[in-house]
Amino acid sequence: MSVRVRFAPSPTGALHIGGVRTALYNYLFARQQGGTFILRIEDTDQARYVPGAEQYIIETLKWVGLLPDEGVGFGGDKGPYRQSDRKEIYHKYAHELVQRGHAYYAFDTPEALDVRRQSEDNFTYNHLTRNGLSNSLTLPASEVESRLQAGGPFVVRLKVEPGRQIHINDLIRGDVIFQSSELDDKVLLKADGMPTYHLANIVDDHLMEITHVIRGEEWLPSTAHHVLLYEGFGWSDTMPRFSHLPLILKPVGNGKLSKRDGAKFGIPVFPLEWTGGTAEENFSGFRDTGFMPEAVINFLALLGWHPGGEQEIFTLEELVQAFSVDHISKGGARFDYEKAKWFNQKYIQAADNAVLASYIGPLAKNKGYEATEEYLQQVAGLMKERVTFLPDFVETGYYLFEPVREYDRETFQKKWTPAIAVFFNELIGLVATFDTFNALALEEAVKHFIQEKGFKPGDVLPLLRLALAGTMKGPAVFDMAAALGREETARRLRALTQLQ
RNA sequence: GGCCCGUUCGUCUAGGGGUUAGGACGCAGGAUUUUCAUUCCUGUAACACGGGUUCGAUUCCCGUACGGGCUACCA
């Protein structure tokens, strides 16, 4: 039996970075096992549905390179893969479960149940309370029939029999035991005709022949219900194996990472930028912050999993090879943005200049800079060891695209003397007429000239740097000069002499 | 409150009955680079607590504390 896993997000807004990790682990497992990775959209809550969220999910998976083999937008013969398109299927199975005696119709209104919850401390709809409530187990058959004929409103609830132990053999956590007596009779089919997560999930996983469920830890408590559902339908022998992932926690403080932490800590917690209805619902993402997708994947993979050994940098292919569910941590992992930045820096450093140029190009264009592919690659080579984010190429390194905006005055005052001023003008003459304008030749010529005139490199080089970049930080002086070219270099040297 | 899950340097983690408890990020110092960054070296710092089991527990068991999740006609 071949492995089939699914990533099943809800389109209720921007996909959380934790969701991306869940998708990643599913993807890695599928690839390693030669299996199938499926994208299923769980949009059964009409109230929380957010337009554009589905597209966001798909765009995210494309950006990070976790392409599904089947699913919404990716084809496949086990569809439809969007739960709102499968309504009739859930109806059929919900009623079937009632026929089998493992579920029942209930007519209590949400309001009535709320009242009970208010007045009774630990009220739950379960084997103890259902006999006193309005459902097909307590009402006369004729009345149940007429209510159903009238078209409701009604819900279908799972009938949990007390006195049983339910074992979940979680691949990460081992044997987890629940007492059925403590479980509530979960709603399976809502009054609006849509299924709840529990029903839709089990029916779809069964129909889509899912073999392994890898999902967040928040699902562990309801897995007992899911096991009961598989039993009720008679699907126990094909029930998937479960793996419940630890949660991603806030960088500091208590609790899991939330969308608000993005603004609070000034860090991205979403893969892509998201535009909500209000400014408060606008979020920046890893992509627009300037992360390379490979770095995000590497960072996320190691947040809650490690194969052992001392390797830190993994390509997707290496992750596929090394991945194993039993090396997933059990405890929650704190979101460490410093480490994320380190990964990005590493990936930028290691990237080909051509790859970098493909990122820098649009960034430069955005700023109104004109640059050839060849020049972009030169910039990449010059800057890649001194940037953390992709936009740094055109921001920190803006002077490679436009004239210096601001000079480090302090250094200028310290180095600029009358004697140097005279020398500097002679140097401009040399540069402006220099033939073989490459870094090596220029460096040799300039240094020779400095020595010939009785100066030290330390007297002049800082000023050259200042002329070209305005700052004391940046690439090697002569590399910059070579990239800028003779005319521009000469122009900038003259500009410095105008500074007072 | 109830039910479930967890706990190794500040953070991500490796390890596992006898180890100088390893690596990475961060931080600090140094070398290289007449800038910055990179790179390299060094340092910093951990088995939550209490009982067992055992010749010996950080590792196994039980408690406690702390953290987390769930407890909706949300997922």
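A note on names: the letters A, B, ... follow the listed sequences, proteins ahead of strands, and every chain is numbered from 1.
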Open item on the list: Strictly under 4.0 angstrom, non-hydrogen atoms only: write out the protein contact profile of nucleotides 41-48 of chain B, one letter per nucleotide from the 5' end, B, S or -.
Closed with: --------

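- Residues passing the side chain to side chain contact (heavy atoms under 4.5 Å, CB included) test with A:Asn353, sequence neighbours excluded: A:Leu356, A:Gln377, A:Ala380, A:Lys384.
- Between the base of B:U11 and the side chain of A:Arg334 there is no donor-acceptor pair shorter than 3.5 Å.
- The pair A:Asp45-A:Arg48 meets the salt-bridge criterion, since a charged nitrogen lies less than 4.0 angstrom from a carboxylate oxygen.
- Applying the Watson-Crick and G-U wobble criteria (two distances, each under 3.5 Å), B:U20 pairs with nothing in any strand.
- Residue contacts for A:Asn122: at a heavy-atom cut-off of 4.0 Å it reaches a base atom on one of the strands shown.
- Residues satisfying the side chain to side chain contact (heavy atoms under 4.5 Å, CB included) criterion with A:Trp342, sequence neighbours excluded, are A:Glu312, A:Ile313, A:Lys346.
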Grab the N/O contacts between the protein and nucleotides 6-10 of chain B below 3.5 Å, and write none if there aren't any.
none

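- Atom CD of A:Gln451 has 12 or fewer heavy atoms from other residues, nucleotides or ligands within 6.0 Å.
- Remark: A:Pro110, A:Arg117 in residues 110-118 of chain A come within less than 4.0 Å of RNA chain B through at least one heavy atom.
- The aromatic rings of A:Phe154 and A:Tyr105 lie perpendicular to each other, with more than 60° between the two planes, well past the 30° mark.
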For nucleotides 30-32 of chain B, print each protein N/O atom paired with a nucleotide N/O atom at under 3.5 Å, atom names and distance only.
none

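- Partners of A:Tyr359 under the ring-ring contact (aromatic ring centres under 6.0 Å, His included) rule, at least two apart in sequence or in another chain, do not exist in this structure.
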Open item on the list: Apply side chain to side chain donor-acceptor pair (under 3.5 Å) to residues A:Ser324 and A:His327 and explain how you reach the verdict.
Closed with: CA-CA 6 Å; A:Ser324 78; A:His327 273 85; 3.0 Å; yes

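- Considering only side-chain N and O atoms, A:Ser329 lies under 4.0 angstrom from the phosphate OP1 or OP2 of B:U13.
- For A:Tyr93, the ring-ring contact (aromatic ring centres under 6.0 Å, His included) criterion is met by A:Phe233, A:Trp235, not counting sequence neighbours.
- A:Asn298 meets the side-chain hydrogen bond (donor to acceptor under 3.5 Å, both in side chains) test with A:Tyr347; sequence neighbours excluded.
- Distance from the side chain of A:Leu247 is smallest for B:G69 among the nucleotides B:G67, B:G69, B:A75.
- Contact between the side-chain N/O atoms of A:His225 and the OP1/OP2 oxygens of B:A75 is not found at any separation under 4.0 Å.
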Atom pairs, N/O to N/O, protein against nucleotides 36-38 of chain B, distance under 3.5 Å?
unit_1, atom_1, unit_2, atom_2, d
B:C36, O2, A:Arg386, NH1, 2.8
B:C36, O2, A:Gly474, N, 3.4
B:C36, O2, A:Gly474, O, 3.3
B:C36, N3, A:Arg386, NH1, 2.3
B:C36, N3, A:Gly474, O, 3.4
B:A37, O2', A:Glu385, O, 2.0
B:U38, OP1, A:Gln345, NE2, 3.3
B:U38, O3', A:Gln349, OE1, 3.3
B:U38, O2', A:Glu385, OE2, 3.4

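- Every side chain to side chain contact (heavy atoms under 4.5 Å, CB included) that A:Lys259 has, sequence neighbours left out, goes to A:Phe270, A:Phe283.
- Legend: residues meeting side-chain hydrogen bond (donor to acceptor under 3.5 Å, both in side chains) with A:His198, ordered by chain and number and at least two apart, are A:His226.
- The side chain of A:Lys341 contributes no N or O atom lying less than 4.0 Å from OP1 or OP2 of B:U11.
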